[in-house]
Amino acid sequence: MSELPDWQIEIDQAAIRWQAEIDDAAALEALRSLEVRALGKAGEIPGLMKRIPQIPPQDRKAFGQAVNALQAHVAATIEARRQVLVEALIAAELQDATFDPAAVALPLKLGHPHPLSTVQADIEAIFTSMGFHVLDYPEIESEFDNFEALNIPGWHPAREMQDTFWLESGHLLRTHTSAGQVRAMHQFPAPFRAIFPGKVYRYEATDASHEHTFHQVEGLMIDRKVSVGHLLDSMRTLLSAILQREVEIRLRPGYFPFVEPGFELDIRCQVCAGDGCSACKRRGWLELLPCGLVHPNVLRAGGLDPEEWQGWAFGLGLSRLVMMRYGVPDVRLLMGGDLRFLSQF
Ligand code: DAH
């Protein structure tokens with residue numbers, strides 16, 4: 001009888017050794033760590049394959065098959081041992097006098113969508129039905145996309161309107177969803193329409209109406225011959241759909257470097273229908289969102305010729321909309337993770 005090669009003896013011994021270790025594993029955790037040592041990525045058995053170059057060429061095939069067989073055998077033995085241990089655990093639990101298999105289960109606490117997600121989904125459905133893309137852009141942005149491309153150079157005082165979390169890399173946490181505007185212009189051929197909802201960040205003190213992290217929805221429409229009349233009419237249609245009733249709106253001038261002209265859009269107070277009440281501070285109108293016609297410099301940054309293409313844009317405060325819809329008095333509740341608050345929805 002020919003003598004067994006060394007590697008064959010070694011594999012046979014490994015099989016015996018692992019078998020003994022597996023039989024000795026008295027708990028599931030021990031079995032798991034053994035499994036990692038034997039079969040894990042850096043484990044002993046996969047490691048055997050690295051030895052192929054040292055095996056005589058005529059034996060290599062047999063060696064590979066033997067390692068594979070060892071691996072399959074050890075895996076099956078571990079699985080069988082696991083079954084035994086699990087069954088023993090169940091048996092022990094059933095033996096335990098304090099374990100009552102007939103006890104009534106506590107009701108499961110089911111989760112549900114966060115109010116921000118609910119309102120965002122509603123808004124996405126409305127815009128999708130009107131032919132808008134729904135886009136998701138990064139929260140970590142370049143200074144270019146968040147500021148420069150939006151006609152806000154470094155020296156511009158508007159930078160101070162949005163206190164910024166800067167990263168060591170020179171990137172920043174986007175301060176507004178407007179940061180997606182120029183990205184979208186590069187992503188889609190004109191004309192197109194899109195919204196981009198998401199989280200934005202401001203490095204500022206928090207109170208009932210300010211939070212360092214909140215949600216916005218940016219809207220952008222690029223087309224030929226876009227006018228303020230078109231903006232006004234689109235906003236009325238969109239807001240009536242979002243608020244589920246006819247709304248009366250008005251524009252007041254507002255300054256934002258990336259739109260010209262820029263506006264603050266007000267809606268007729270829904271509480272007093274314009275007579276003046278505490279909700280609207282007796283004005284009859286509520287400030288809802290800023291908007292405007294896209295500034296030619298922004299169009300240029302997006303690779304569009306302002307002679308040919310125009311656009312309108314708006315920035316909707318999603319957090320504010322949620323607060324209005326559900327009567328939430330403090331913006332910090334939205335991201336605070338307090339179940340007493342969240343379970344009310
Ligand atoms: N990005 C602005 C902010 O967060 C809001 C804004 C104003 C967005 C005017 C717009 C706009 O699209 O046209 O304060």
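Counting starts at 1 for both ligands and their atoms, following the listed order. Start at 1 with the first residue, then count along the sequence.
- The existence of a salt bridge linking Glu44 and Arg37 is excluded, since no basic side-chain nitrogen approaches an acidic carboxylate oxygen closer than 4.0 Å.
- Aromatic ring centres of His176 and Phe258 lie closer together than 6.0 Å.
- Heavy atoms of Phe263 stay at 4.0 angstrom or farther from ligand 1.
- The atoms of ligand 1 that sit less than 4.0 Å from any heavy atom of Val259 are 13 (O).
- The pair Glu211-Lys199 does not meet the salt-bridge criterion, since no charged nitrogen lies less than 4.0 angstrom from a carboxylate oxygen.
- Listed by number with element, the atoms of ligand 1 under 4.0 angstrom from any heavy atom of Arg202 are 3 (C), 4 (O), 14 (O).
- With a heavy-atom cut-off of 4.0 Å, Cys291 touches ligand 1 through its backbone alone.
- Heavy-atom contacts of Gln181 reach the following atoms of ligand 1: 12 (O) (cutoff under 4.0 Å).
- For His295, no heavy-atom contact with ligand 1 is shorter than 4.0 Å.
- Between the side chains of His210 and Asp207, a donor-acceptor pair is found at a separation under 3.5 Å.
- When the ring-ring contact (aromatic ring centres under 6.0 Å, His included) test is applied to Tyr255, no partner is found at least two apart in sequence or on another chain.
- Under 4.0 angstrom from ligand 1, there are no non-hydrogen atoms of Trp312.
- On a distance-only criterion, Gly219 and ligand 1 share no N/O pair closer than 3.5 Å.
- The line from NE2 of His215 to OG1 of Thr213 is 8.5 Å long, rounded to the nearest 0.5 Å.
- When only interatomic distances are considered, the shortest N/O to N/O separation between Ser178 and ligand 1 falls below 3.5 Å.
- The shortest separation from a heavy atom of Gly292 to ligand 1 is under 4.0 Å, placing the residue in contact.
- Arg174 does not count as a contact of ligand 1, since none of its heavy atoms falls under 4.0 Å from the ligand.
- Using a 4.0 Å cut-off between charged nitrogen and carboxylate oxygen, Glu29 and Arg32 do not count as a salt-bridge pair.
- Ionic pairing of Arg51 and Glu10 is present here: one or more N-O contacts between side-chain nitrogen and carboxylate oxygen are shorter than 4.0 angstrom.
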